[in-house]
2 protein chains.
Amino acid sequence: MQIVSPLERSAITSSDRVLFEIQRAIVEGNIVAGSKISEPGLARRFNVSRAPLREALARLERCHLIERIPNAGARVVTLSPEGLVALYQLREELEGLACRLAAEQMPDSEIDELRQLLDKHLETQRVREGESYYQEAGDLDFHYRIILGSKNQYLINMLCDQLYYLVRMYRVQMGMNGPRVSRAFDEHKAIINAIANRDGELADLLMRRHIGASRKNIESRLQTEKETS
Amino acid sequence: MQIVSPLERSAITSSDRVLFEIQRAIVEGNIVAGSKISEPGLARRFNVSRAPLREALARLERCHLIERIPNAGARVVTLSPEGLVALYQLREELEGLACRLAAEQMPDSEIDELRQLLDKHLETQRVREGESYYQEAGDLDFHYRIILGSKNQYLINMLCDQLYYLVRMYRVQMGMNGPRVSRAFDEHKAIINAIANRDGELADLLMRRHIGASRKNIESRLQTEKETS
DNA sequence: CCTTTTTTAATTGTCGACAATTTAATGAGG
DNA sequence: CCTCATTAAATTGTCGACAATTAAAAAAGG
């Protein structure tokens with residue numbers, strides 16, 4: 001089960017291909033956070049000219065995975081507690097809104113699909129105890145579908161095509177798994193129930209809490225990491 | 001009083017320059033909504049090669065001012081009631097959040113400045129009765145400052161560097177001015193008062209209403225335009 | 001030995017040309 | 001006359017090279 005973003009569906013051009021490869025490398029830490037990016041270096045490494053590479057860099061900047069300074073170059077972002085808080089503040093609002101809209105817009109068929117998917121993930125989760133990769137994939141799948149269910153193109157673009165790469169980066173690079181998994185499943189269930197009941201207000205509230213809990217979970221990791229340094 | 005976005009501060013490279021020119025042309029309708037974009041054509045028109053032009057196009061896509069299809073080209077976005085609603089749904093959430101954060105984060109000095117600015121705008125408004133350009137500039141200035149006051153970099157980037165160009169495009173192309181102006185000033189006053197009182201919750205609520213009213217105002221214009229066609 | 005200036009190297013931004021793909025035009029067939 | 005296939009034109013994507021700017025290294029001065 002690959003974690004594939006909506007954008008990644010179709011890698012048409014060679015600029016797309018290199019974008020996805022670099023994106024993954026940054027998220028997974030193969031290109032380390034905070035390091036400087038060399039255009040000629042990356043171009044050689046991924047066997048493309050600088051033209052498509054620069055286009056990819058522009059799109060990486062949009063996801064906040066790199067920061068560019070004119071005439072000076074680009075750096076991979078550095079993860080920080082402040083950045084994490086800022087990111088999750090936004091997620092709470094946006095995904096709360098997504099839930100409210102999804103409660104109005106999602107057709108019953110999509111809701112059923114999402115329910116089935118939750119059950120399926122729960123089973124594979126039991127089998128593959130402790131493999132955080134599958135947990136993350138399942139969680140992302142859940143959130144993606146609700147966001148898409150909002151049918152708001154700007155909301156979808158912001159979350160799925162921009163912020164979620166950073167969310168994954170925070171999770172992956174601080175090894176998100178741990179004891180919160182089973183609780184997350186229950187929370188997901190409650191959210192989808194609220195959406196099925198067309199109770200947007202409740203779905204909104206539950207999603208905000210859900211993300212808030214998730215944030216605190218990562219925050220504690222960032223804290224312990226800080227203490228041991 | 002030019003309407004200058006935070007990004008526009010410094011047009012370092014020639015790609016920046018052409019970006020701002022095209023951005024303005026699209027927002028003001030000099031490049032008509034829905035029209036196809038010709039890379040060679042624009043390159044000649046703005047006296048640059050296609051390399052910086054394409055970089056500018058990539059950044060225009062990020063503000064949702066154009067839509068690109070791989071190997072097919074780019075089109076200027078078309079304005080629609082659905083798009084407007086989706087855009088303002090997001091603004092309500094995001095600027096509501098901005099107010100809540102600003103109530104915590106803005107130093108008193110910034111709040112005072114904003115108050116003075118409001119008064120100044122009110123005066124120049126009385127003098128230049130009916131000039132919608134100054135109204136818009138004043139309104140944008142107000143919203144920008146609150147967003148910046150939130151100190152949340154992702155929020156700032158999304159609103160000021162991405163969505164606000166589209167907001168302006170909707171406003172400019174349907175001639176926003178009209179009878180809402182004086183009421184907007186009162187609403188602005190109430191919001192800044194709530195922030196000064198460090199009442200984030202109230203500021204949040206007031207901003208949501210303020211934007212909701214603004215949305216309905218534009219919606220009615222889009223409606224009448226539809227009826228006369 | 002440290003600071004400042006000059007020189008060098010490297011990197012970024014821009015250009016023009018070519019290759020690949022798509023769109024438009026042309027022609028053949030029904 | 002319309003539809004489909006083929007060809008031609010135009011547009012997009014990619015490449016390598018040059019110009020401009022910035023960062024690093026070396027040299028001069030205190």
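Below, chains carry the letters A, B, ... as their sequence lines are ordered, and counting in each starts from 1. When reading the values below, keep in mind they use all heavy atoms of this one structure, side chains included, and skip hydrogens, waters and symmetry mates.
- With respect to R100(B) and E93(A), a salt bridge is recorded, a charged nitrogen being found less than 4.0 Å from a carboxylate O.
- Using a 4.0 Å heavy-atom distance criterion, L57(A) is classed as making no nucleic acid contact.
- Put simply, S14(A) has no side-chain N or O that comes within less than 4.0 Å of OP1 or OP2 on dG13(D).
- Atom C1' of nucleotide dG13(D) and atom CG of L53(A) are separated by 14 Å, given to the nearest angstrom.
- Here dG16(C) presents its C1' atom at 15 Å from CD of E39(B), a figure rounded to the nearest Å.
- In this structure, E110(A) pairs ionically with K151(A), as a charged nitrogen and a carboxylate oxygen lie closer than 4.0 Å.
- With rounding to whole Å, E55(A) atom CD is found 14 Å from dG13(C) atom P.
- Closest to the side chain of A72(B), from the set dT14(C), dT12(D), dT23(C), is dT23(C).
- Heavy-atom distances to DNA chain D give each of P52(A) and N71(A) a nearest nucleotide, and the one nearer the 5′ end belongs to P52(A).
- Projected onto DNA chain D by closest heavy-atom contact, K36(A) and N47(A) fall at different nucleotides, the more 5' of which corresponds to N47(A).
- Atom CZ of R54(B) and atom C1' of dC15(D) are 12 Å apart (whole Å).
- Here the side chain of R68(A) is nearest to one of dC15(C), dG13(C), dG16(D), namely dG13(C).
- Under 4.0 Å is where a charged nitrogen must lie from a carboxylate oxygen, and between E67(A) and R75(A) no such pair does.
- Checking Q162(B) against Q162(A) by side-chain atom types alone, a donor-acceptor pair falls below 3.5 Å.
- Residue T13(A) places at least one side-chain N or O under 4.0 Å from the OP1 or OP2 atom of dT14(D).
- I69(A) comes within 4.0 angstrom of nothing in the nucleic acid, heavy atoms only.
- For R50(A), the listed nucleotide lying nearest its side chain is dA17(D); candidates were dT12(D), dC15(C), dA17(D).
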